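In what follows, a single structure is set out as C-alpha cells and then discussed.
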Amino acid sequence: MKTSLFLYNSFSRIKEVFKPLDKKNIRMYVCGPTVYDRAHIGNARPVLVFDILFRLLRYLYGEDNVTYVRNITDIDDKINAKALQSGVNIESITEETIEWFHKDMDFLGALRPNYEPRATAYVSQMIEMITKLTSLSFAYPTEDGHVFFEVERFADYGRLSNKKLGELNEGVRIENEDSKRNPLDFVLWKPSTNEEPGWDSPWGKGRPGWHIECSAMAKDILGEQFDIHGGGIDLIFPHHENEIAQSTCSNDMKKFANFWLHNGFLKIEGEKMSKSLNNFLTVFDLIKRDFSASAIRYNMLSTHYRQPLDWKFERLAEAEKTLIKWNNKKESRNEVDLPKQVLNALLDDINTPLSIYEMHQLYKNEKFADLNKACAFFGFVPKGRKDHLPISPELSKKVNNLIKDRNNARLSKNFLLADKIREDLLGAGIIIKDSGQETTWELSTNLEIKKLKEL
RNA sequence: GGCGACGUGGCGGAGUGGUUACGCAGCGGAUUGCAAAUCCGUGGACACCGGUUCGAGUCCGGUCGUCGCCUCCA
C-alpha cells in the first residue's frame with residue numbers, strides 16, 4: 001500500500017517521491033501546441049496524460065490547490081509560413097486553430113488548465129528576461145539584431161538531456177549564422193523583416209526565439225520555481241534544456257522545475273506519424289469516425305505514458321467494447337473517487353495500464369459502484385446511444401423496418417429470411433441483438449452508409 | 001558517431017528475486033431457432049548466450065534485433 005505519489009523524474013532519471021514546494025499550491029507547466037494546424041493524436045497524448053496527472057493532483061491535494069499552466073505558442077515560423085502560403089493573416093490562423101484545439105480537447109474530456117498563456121501576450125516579459133540574461137553576460141546581441149544564449153556560460157548545460165558540449169559540437173550542423181560564438185548557442189531574439197511579425201526591442205524590431213516563451217510565462221504565472229514541468233520526450237533537447245538554461249541563469253541560479261516528466265512518442269499502425277508519410281491522424285478525424293472520447297482516452301491510457309504507443313484502430317474498437325461492457329453496469333451517479341487499488345497504481349508513476357487492470361478486477365468482482373467512480377475519475381463516460389448515431393432519421397427508420405420484417409419472419413419460423421436480413425445489416429455495419437422480447441441494434445465500427453442505403 | 005529507450009503468449013499490455021497479471025482474439029460449455037451480447041471454464045509467454053542466487057521476465061555481462069533524440073516536431 002503506497003501512501004505517496006512516485007514520479008519518474010527525467011532530470012534525475014529515477015522515480016522520486018513527489019513532495020510539493022507548497023501543498024496549498026501545486027504548480028505544473030506543460031508545453032502546449034503551436035497553433036497552425038488541427039491537433040493530431042500525438043498532440044493529444046500529453047494533453048490526456050497530464051490531464052490524468054492534473055486530476056490526480058487535484059484528488060490528492062484538493063481542487064483549489066493545483067495550478068496547471070499549458071501555453072499556446074502563437075509566435076512561430078511555421079505559422080508565418082502558413083500565413084504567407086495561404087494568404088490568411090496570422091491572427092486568423094491562430095485564432096481558428098486555438099478554437100479547434102479547444103473543441104477537440106474538450107471533446108476528449110480533458111480538463112482545461114487554469115491558465116493558457118499565449119506567447120503574443122508575453123513578449124514584454126520575454127524581452128525583460130533576455131535583457132537580464134545579456135546584462136549578466138549569459139547572452140550576447142550581435143550586430144545583425146540577434147541575441148544568442150551562450151551555452152558555455154551555463155555549467156549545467158546538457159544535464160537534462162545527458163549531453164556533453166564537446167560531443168554535441170561534433171555532430172552539429174553548420175548553419176549560416178556564423179555570428180554565433182558557439183554553434184550550439186541558441187537564439188533568444190531574432191530580427192524580423194517587414195512581412196514577419198515583429199516587436200520593438202532593445203535589439204531592433206524582431207521576434208522571440210521559441211524557447212524563451214516558456215521560461216517567461218512560467219515565471220510570470222508560476223514563479224521562479226515550481227513543481228512539475230511536462231511535455232513530449234522529443235522536447236528534452238533542445239527545448240527543455242534551453243528552458244532550464246535561460247530560467248536558471250535569469251533567476252539567480254535557482255533550480256527551475258523540480259520534476260521533469262516526459263511522455264513517449266506515438267506511432268500509427270507501426271509507422272512513425274509524419275507529414276511526409278501522410279499518416280497524420282487528427283483528433284477531428286477520430287471524432288468524424290464516431291469514436292467515443294472515452295475509447296480514445298482508454299486507448300491512450302492503456303499504455304504507460306513513458307512507453308512508445310502504437311495507435312491501432314483494432315485497439316480502439318476493443319476499448320469501445322470494454323467501455324460498453326462497463327457502462328452497462330452503471331449503478332451510481334458520476335461520483336468521482338478512486339478505489340484504493342486503482343489509486344495505488346496511479347501513485348506508482350501514473351501506472352494507468354495497471355489501474356485499468358484493477359478496473360477489470362472490479363468488474364469481475366462485481367464492485368460496480370467502485371468501477372463507476374473510477375470511470376468518472378478517468379473521464380470514461382457512457383457514449384451517447386441512439387440519439388447520437390451518425391445516420392439520418394430516414395436510415396434509422398429503414399433499419400427499424402428491416403428489423404420488424406425480420407421479427408415477423410422469425411415468428412413465422414422463416415429463419416432463412418430472418419438470417420439474411422441480419423447478415424445484410426451486419427454487412428452494412430449494424431449489429432442486431434435479440435434480448436427477450438426486444439430487439440436492439442447498434443453501430444459497429446465499420447459502418448457503411450452506402451451499403452445500408454442499398455438495402 | 002554520441003546519448004537513451006525497448007525486446008513478455010496471435011494482438012495489446014502490467015509485473016525491479018519466490019504460486020496465477022489481465023484485456024481482446026482462440027477453444028469448450030451455459031444461453032439463443034441460429035447468432036450477437038452476457039456468464040462460466042481453458043490452452044498458450046517472458047529475444048539469445050553466459051553469470052550471481054536455494055530460487056530470475058525481474059539483478060550482472062555479452063550477442064542479436066527494433067526504435068527515439070542529436071534538425072522543426074507532443
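Everything numeric here is computed off the predicted structure, so don't read it as measured data.
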Pick the [atom1] atom in [N] and in [M], then give their distance to the nearest Å.
N	M	atom1	value
B/U58	B/U32	C1'	47 Å
B/C67	B/A30	C1'	46 Å
B/G26	B/U19	P	31 Å
B/U20	B/G2	C1'	44 Å
B/A21	B/U16	C1'	16 Å

List the atom of [X], the atom of [Y], and the distance in Å for their closest heavy-atom pair.
X	Y	answer
A/N71	A/G32	OD1-N, 2.9 Å
A/L402	A/I421	O-CG2, 3.7 Å
A/A319	A/A295	CB-O, 3.8 Å

Using the six-membered ring of [Y], assess whether NZ or CZ of [X] lies under 6.0 Å from its centre and within 45 degrees of the ring axis.
X	Y	result
A/R70	A/Y115	no
A/R58	A/F54	yes
A/R27	A/Y68	no

Side-chain donor/acceptor pairs under 3.5 Å, residues 232-240 of chain A, sequence neighbours excluded:
{"from": "A/H239", "atom 1": "ND1", "to": "A/H211", "atom 2": "ND1", "distance (Å)": "2.9"}
{"from": "A/H239", "atom 1": "NE2", "to": "A/E243", "atom 2": "OE2", "distance (Å)": "3.0"}
{"from": "A/H240", "atom 1": "ND1", "to": "A/H262", "atom 2": "NE2", "distance (Å)": "2.8"}

Assess whether one donor atom and one acceptor atom, taken from the side chain of A/R422 and the base of B/A35, lie less than 3.5 Å apart.
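Side chain to base: pair present.
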Does A/D310 make a side-chain donor-acceptor contact with the base of B/G12, cut-off 3.5 Å?
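Side chain to base: no pair present.
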Distance-only check: which donor-acceptor pairs under 3.5 Å involve side-chain atoms of residues 360-368 of chain A, not counting sequence neighbours?
{"from": "A/H360", "atom 1": "NE2", "to": "A/Y298", "atom 2": "OH", "distance (Å)": "3.1"}
{"from": "A/N365", "atom 1": "ND2", "to": "A/Q361", "atom 2": "O", "distance (Å)": "3.1"}

What's the verdict on side chain to side chain donor-acceptor pair (under 3.5 Å) for A/W441 and A/N400, showing C-alpha distance, side-chain angles and the deciding distance?
CA-CA 9 Å; A/W441 58 276; A/N400 285 330; 3.0 Å; yes
Stacking between A/F265 and B/A74, defined as ring centres under 5.5 angstrom apart with planes under 30°, is that present or not?
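By the stated criterion, A/F265 and B/A74 stack.
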Are the ring of A/F415 and the base ring of B/G33 both nearer than 5.5 Å at their centres and tilted by less than 30°?
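Stacking is present between B/G33 and A/F415, given that their ring centres fall under 5.5 Å apart and the planes under 30°.
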Using a cut-off of strictly less than 4.0 Å between a heavy atom of the residue and any atom of RNA chain B, enumerate the qualifying residues of residues 82-92 of chain A by number.
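Residues of residues 82-92 of chain A under 4.0 Å from RNA chain B: none.
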Near RNA chain B, counting only heavy atoms under 4.0 Å, which residues of residues 399-413 of chain A show up?
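Per residue number, the list reads A/R406, A/R410.
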In the 5'-to-3' direction, what one-character label does each nucleotide of nucleotides 37-45 of chain B receive under the scheme B = base within less than 4.0 Å of a protein heavy atom, S = sugar-phosphate only, - = no such atom?
SSS------
Sequence-aligned protein contact record of nucleotides 3-10 of chain B, with B where the base is within under 4.0 Å of a protein heavy atom and S where only the sugar-phosphate is:
SS------
Can you name the ring-ring contact (aromatic ring centres under 6.0 Å, His included) partners of [X], sequence neighbours left out?
X	result
A/F149	A/F186
A/F50	none
A/F378	A/F380

Taking OP1 and OP2 of B/G12, is either one under 4.0 Å from a side-chain nitrogen or oxygen of A/K312?
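Result: yes.
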So, OP1 or OP2 of B/G13: does either fall under 4.0 Å of a side-chain N or O from A/T303?
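For A/T303, the contact criterion (side-chain N or O under 4.0 Å from OP1 or OP2 of B/G13) is met.
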Judged by each residue's nearest nucleotide on RNA chain B, which is more toward the 5′ side, A/D434 or A/N351?
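The answer here is A/N351.
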Under 4.0 Å between any heavy atoms, over every strand shown, what does A/I356 touch: base, sugar-phosphate, or nothing? Just pick one.
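It contacts nothing in the nucleic acid.
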Centroid separation A/F284 to A/F107 less than 6.0 Å:
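So the answer is no for these two rings.
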Paired stems touching RNA chain B, three or more consecutive Watson-Crick or G-U pairs with both distances under 3.5 Å?
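RNA chain B stems, ordered by first number: B:1-7 with B:64-70, B:10-12 with B:22-24, B:26-30 with B:38-42, B:47-51 with B:59-63.
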Do NZ/NE/NH1/NH2 and the carboxylate oxygens of A/K103 and A/D106 come within less than 4.0 Å?
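No, A/K103 and A/D106 are not salt-bridged.
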Sequence-distant partners of A/T193, side chain to side chain donor-acceptor pair (under 3.5 Å), two or more places apart
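Residues passing side chain to side chain donor-acceptor pair (under 3.5 Å) with A/T193: A/E196.
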Could you list the residues that satisfy side chain to side chain donor-acceptor pair (under 3.5 Å) with A/R13, not counting sequence neighbours?
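Expected list: none.
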